[in-house]
Amino acid sequence: MSDHLLEIKNLKITVATRRNVLNLVDNLTLAVKKGEILGLVGESGAGKSMTGSAIIGLIEKPVKISGGEIWFKGKRIDQHPDEVRGHEISMIFQDPMMSLNPLWRIGDQLIEVITTHMNISHQDAIKKAKHCLVEVGIDPSRMNAYPHTFSGGMRQRVVIALALAPNPSLVIADEPTTALDVSIQAQILDLLKQICKTRGTSIILITHDMAVISQTTDRVCVMYSGRLAEIGITKEIMAHPQHPYTKGLVASTPQIDASSFEKMLYQIPGSMPALDNIPSGCAFHPRCEHAHDKCRAERPEVLSNRAACWLLDANEGQ
Amino acid sequence: MLIIILRRLFQALLVLLLVALISFLIFRYVGNPVENLLGQEATVAQRAALEEALGLNDPIHEQYVQFVWRAIQFDFGNSYRGALPVADLIASRLPATLELALTSAIFAMVFGVLTGIYTAIHRGSFLTNLILSTSLIGVSLPTFLIGVLLIWFFSVELGWLPSFGRGEVVDLGWWNTGFLTASGLKSLILPSITLGLYQMTLIMRLTRAEMLEVMRQDYIKLARALGLSPRQVYFSHAIPNIMIPVITIAGLQLGSVVAFAIITETVFQWPGVGLLFINAVYFVDIPVMSAYLLLVGFVFVIINLIVDLTYLAIDPRLRDSQLKQEQ
């Protein structure tokens with residue numbers, strides 16, 4: 001437990017509609033180690049972003065955390081997230097074009113964040129802000145520039161500078177490169193990775209892009225319908241996925257080698273179930289070609305195996 | 001930057017000249033000034049002399065230039081009724097209207113923005129629902145009815161506040177003010193509320209809608225994720241971003257507060273230019289009407305100018321795009 005920076009235990013996030021209560025995240029348990037990059041992957045609506053928002057305490061009514069615990073550095077934070085928000089845990093969002101206040105100079109936005117979390121003089125805050133910009137590869141002479149004079153990639157650099165300025169131990173990056181040009185994506189990810197590795201900052205990288213996961217993360221957590229499907233070391237999962245859903249995800253990622261040009265890209269049949277219509281047992285069973293009776297009746301959990309799938313138990317039994 | 005301001009000033013001037021043209025056309029062609037001045041029993045010679053004296057035989061564009069030139073010097077001719085210079089009439093009435101407009105505009109702005117922000121932040125609370133449902137009254141009841149209701153309740157039933165007039169007025173020579181006496185201030189309350197209530201609810205609803213919109217923006221999400229306090233998020237990130245639409249509408253509303261003071265002034269027998277205008281309409285006092293039109297046009301143009309310049313002060317994006325246009 002001691003090497004775990006963040007622990008999520010049996011997290012449940014629900015939203016009450018007029019007719020019933022929907023589970024956005026259902027019984028999610030995972031941990032983030034100090035200095036590691038954990039990928040959170042899944043389709044839209046799998047509960048990835050919800051989990052991120054829950055960690056930082058930005059869940060808004062009518063959505064609420066209705067069960068489970070979140071522990072950070074040995075302290076439970078789901079009750080008082082504002083104690084860690086910003087200076088211990090920070091978050092980066094998808095669209096850098098919209099993430100900066102258009103009316104403020106970027107330097108002033110940095111200084112505001114720095115003085116909020118650090119007890120330093122204004123002069124030192126300016127110095128620190130310039131240093132932060134240099135760190136993300138922006139000329140500090142642009143302190144006085146407004147966000148609209150930056151490109152998308154540059155703005156995401158500014159956002160990274162903002163998020164990392166108070167030196168947090170954990171950064172949640174919610175699809176940080178989805179809105180960016182492909183050529184910029186790798187730059188931004190490398191930058192984020194490099195800064196966090198030097199500082200020992202952990203990252204939770206939320207994405208739906210398996211390529212990004214395999215290039216960037218140490219461990220990966222696959223989510224499906226708000227549930228944990230598979231969790232483990234990225235290389236192992238990419239090489240030997242165990243959960244049929246993960247297998248599908250890996251198989252549907254384009255591979256650039258000679259043989260792949262002739263093959264059609266694999267598609268997982270069907271689509272993720274609607275929140276008000278999550279199937280019984282394993283949520284994935286209607287799309288799973290190996291599903292058997294137990295899959296339809298009982299819900300699998302990640303226990304002895306790294307994947308929540310009855311097939312693994314069955315295989316072990318054989 | 002200076003060029004932008006000068007350009008705006010130039011545009012404002014053009015609009016004013018256009019307003020002056022309409023005002024001039026009313027002055028010149030609605031009714032016959034000669035007949036209005038001399039009555040029907042005047043001789044032909046008298047008429048011809050007056051026409052010559054008023055310059056009515058000059059080419060039309062020269063008359064317009066003359067009209068504008070005199071307007072610049074605050075010479076709007078004499079009122080048909082009482083033969084006083086229109087400029088003096090308006091000057092004596094203007095302080096009353098401006099004080100009323102200013103008070104109700106401040107009332108509308110302050111309460112409108114405050115309640116708008118409050119109801120956006122505390123969505124669904126009891127007070128919010130109370131404010132929102134009460135504000136429907138402000139939007140749906142006509143001004144004169146609100147005025148009459150207020151008079152009935154606060155003047156007739158409770159007897160707390162005067163029902164008409166400005167109360168005691170202190171004469172400062174060039175300006176007479178009701179701000180300095182207790183009765184003057186008391187007299188301001190009911191008319192200001194009557195005049196400002198509609199604008200207040202409008203500004204409130206706009207502020208609320210804009211605030212709810214801005215609170216959904218990613219930069220607000222990021223500001224919160226960066227651990228800024230709710231106070232910082234609201235005051236330094238959300239509120240500045242709602243100011244452009246709010247200032248636009250509030251500015252235009254301030255103009256209409258001056259223009260629509262007519263109804264309130266009539267209800268409360270407020271001795272301002274609105275009341276002067278209504279009486280001018282009864283008696284077809286054309287010079288007063290055309291001068292009033294010019295005055296209202298002037299107020300609108302000035303307010304628009306200020307609103308435009310405020311945009312540039314608030315939003316760096318607009319500043320840059322304007323500068324680009326200049327180059």
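As the structure is a computational prediction, the values presented were derived from the model and not from experiment. A, B, ... follow the sequence lines: proteins, then strands. Residue 1 opens every chain.
- Note: A:Ile89 CD1 to B:Leu226 CG = 13.0 Å, rounded to the nearest 0.5 Å.
- Contact count against chain A (heavy-atom pairs under 4.5 Å) is highest for B:Pro316 among B:Pro316, B:Ala223, B:Pro240, B:Gly124.
- One distance of note links CD1 of B:Ile239 with CG of A:Leu103; it measures 12.5 Å at 0.5 Å rounding.
- Dense packing is recorded around CZ of A:Phe150, with more than 12 heavy atoms of other residues, nucleotides or ligands lying under 6.0 Å away.
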Using atom types as modelled and no hydrogens or angles, find all donor-acceptor pairs between chain B and chain A shorter than 3.5 Å.
unit_1	atom_1	unit_2	atom_2	d
B:Tyr219	N	A:Met98	O	3.0
B:Arg224	NH1	A:Glu60	OE2	3.0
B:Leu226	O	A:His117	NE2	2.6
B:Gln232	NE2	A:Thr116	OG1	2.9
B:Ser236	O	A:Trp104	NE1	3.1
B:Ser236	OG	A:Glu112	OE2	3.0
B:His237	ND1	A:Asn101	ND2	2.8
B:His237	NE2	A:Glu112	OE1	2.6
B:Asn241	ND2	A:Asn101	OD1	2.9
B:Arg319	NH2	A:Tyr146	OH	3.1
B:Asp320	OD2	A:His148	NE2	2.7

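- With a 4.5 angstrom heavy-atom cutoff, B:Ile220 does not touch chain A via any of its atoms.
- Considering only residues two or more places apart in sequence or on other chains, B:Ser135 meets the side-chain hydrogen bond (donor to acceptor under 3.5 Å, both in side chains) condition with B:Arg205.
- With a threshold of 4.5 angstrom between heavy atoms, A:Ile172 does not approach chain B through any atom at all.
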